[in-house]
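Written below as structure tokens is the structure these notes are about.
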Protein chains: 2
Amino acid sequence: MTSTDRPAGRPTRQRRAVAEVLESFDDFRSAQEIHGLLTARGQTVGLATVYRTLQRLADADEVDVLRTEEGEAVYRRCSPTHHHHLVCRTCGATVEVEGPAVERWTRAIADEHGYADLSHHLEIFGTCPACLSG
Amino acid sequence: MTSTDRPAGRPTRQRRAVAEVLESFDDFRSAQEIHGLLTARGQTVGLATVYRTLQRLADADEVDVLRTEEGEAVYRRCSPTHHHHLVCRTCGATVEVEGPAVERWTRAIADEHGYADLSHHLEIFGTCPACLSG
DNA sequence: GGCCCATTTGACAATGATTCTCATTACCGC
DNA sequence: GCGGTAATGAGAATCATTGTCAAATGGGCC
Ligand SMILES: [Zn+2]
Ligand SMILES: [Zn+2]
Ligand SMILES: [Zn+2]
Ligand SMILES: [Zn+2]
């Protein structure tokens, strides 16, 4: 019973469409890009609805959100478990990573300074093998 | 010779004022807030200039920038050496932290996936001792 | 000091992502 | 099917940030 009992909400055509398109890429995309993908697929979904749906999914931890250097929010369907991201600075290719080492480290550091009720954000940026050889 | 030879630029009244006000707080503040602080101090500096100056400082790694949950950029005068932040979610109190453990971990993970040319962002959020007892 | 000029500034417009509004529409249980 | 509520969409509104461009200014030089 980790989190199955959510307010649910109605499974509308638009929400299904967004959920589906989220499966079609594995890097981070902006709301506008996602809206574009939907349109390209012939799915008609209002931009505002795309924004609303993505926020709902983010609140439910069903997508991860992060901010580009320019401050734009980008979204990605991710594992439900805690993890971080290794992102290609060039093509966006993303790998989910995890490890007890960082988790331990952040907790230790925070304890040391008396901070409680912790959370953390960590992303690693680099150039992926494909872009390196390209 | 790590990086002392920068284009420099002119030490104008406005740039000095921004540099000074950056010393007056140790949490992260938005460009608009910083502009407000300047105005409060009686220093007249145009908002656009505040933005430009902060960007210049950020480019020169003399201030750290991060994004709030809402996407707003916030700035802070920081140590010139690589470090991360432990930030109070309630009052913003910020501690600079560092440790070889994470650095090692991120490098190992990236190597493992063949990513090169690395960098990373890591912030820890929590409630500081002061806010806990408050 | 005073002059020359590239740099910097500031007022204001422009941009662009995101959110709000509100009339219309689509689920869902009965 | 009906009714009522939750959801949608078109467009306006918001708001941080950036662009524009004429006016001001710092520095080097005589
Ligand atoms: Zn993720
Ligand atoms: Zn790549
Ligand atoms: Zn605090
Ligand atoms: Zn680090």
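Listed for the B:R29 side chain is no donor-acceptor partner under 3.5 Å among the backbone atoms of B:E33.
Under the rule for a side-chain contact (heavy atoms from CB on, under 4.5 Å), the partners of A:A58 that lie at least two apart in sequence or sit in another chain are A:V63, A:V65. For B:E69, there are no side chain to side chain donor-acceptor pair (under 3.5 Å) partners, not counting sequence neighbours. The side-chain contact (heavy atoms from CB on, under 4.5 Å) test applied to A:D117 returns B:R89, B:T127, not counting sequence neighbours. Qualifying side chain to side chain donor-acceptor pair (under 3.5 Å) partners for A:T68, counting only residues two or more places apart in sequence or in other chains: A:E70. Looking at residues two or more places apart in sequence or on another chain, you find a side-chain contact (heavy atoms from CB on, under 4.5 Å) between A:T49 and A:Q14, A:V45, A:R52, A:T53. With sequence neighbours left out, the side-chain contact (heavy atoms from CB on, under 4.5 Å) criterion links B:R41 to B:E20, B:V21, B:S24, B:Q43.
An end-to-end axis angle of 40° holds for the helix from C:dG1-D:dC30 to C:dC30-D:dG1, taken from five base pairs per end and rounded to 10°.
Applying the ring-ring contact (aromatic ring centres under 6.0 Å, His included) definition to pairs two or more places apart or across chains, those involving residues 115-134 of chain B are A:H121-B:F125, A:F125-B:H121, B:H82-B:H120, B:H84-B:H120. Among residues at least two apart or in separate chains, ring-ring contact (aromatic ring centres under 6.0 Å, His included) pairs with a member in residues 15-71 of chain B are B:F28-B:H85.
Straight-line distance from the NE2 atom of B:H35 to the C1' atom of C:dT9: 12 Å, rounded to whole Å. Regarding A:E69, its CD atom lies at a distance of 15 Å from the C1' atom of D:dT17, rounded to whole Å. Between B:E70 atom CD and C:dT19 atom P there is a gap of 10 Å when expressed in whole angstrom units. Taking atom CZ on A:R15 and atom C1' on C:dC28, their separation rounds to 14 Å, with Å as the unit.
Within residues 43-58 of chain B, the residues approached by DNA chain D to less than 4.0 Å at the level of any non-hydrogen atom are B:A48, B:Y51, B:R52, B:Q55, in residue-number order.
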Sequence-aligned protein contact record of nucleotides 25-30 of chain D, with B where the base is within under 4.0 Å of a protein heavy atom and S where only the sugar-phosphate is: BBS---

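Using a 4.0 Å heavy-atom criterion, one finds that A:Q32 contacts the bases of the nucleic acid, with or without backbone contacts as well.
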Result block: side-chain N/O donor-acceptor pairs under 3.5 angstrom for residues 94-101 of chain A, not counting sequence neighbours:
unit_1 : atom_1 : unit_2 : atom_2 : d
A:T94  : OG1    : A:G92  : O      : 2.8
A:E96  : OE1    : A:S79  : OG     : 2.4
A:E96  : OE2    : A:R76  : NH1    : 2.9
A:E96  : OE2    : A:S79  : N      : 3.2
A:E96  : OE2    : A:S79  : OG     : 3.4

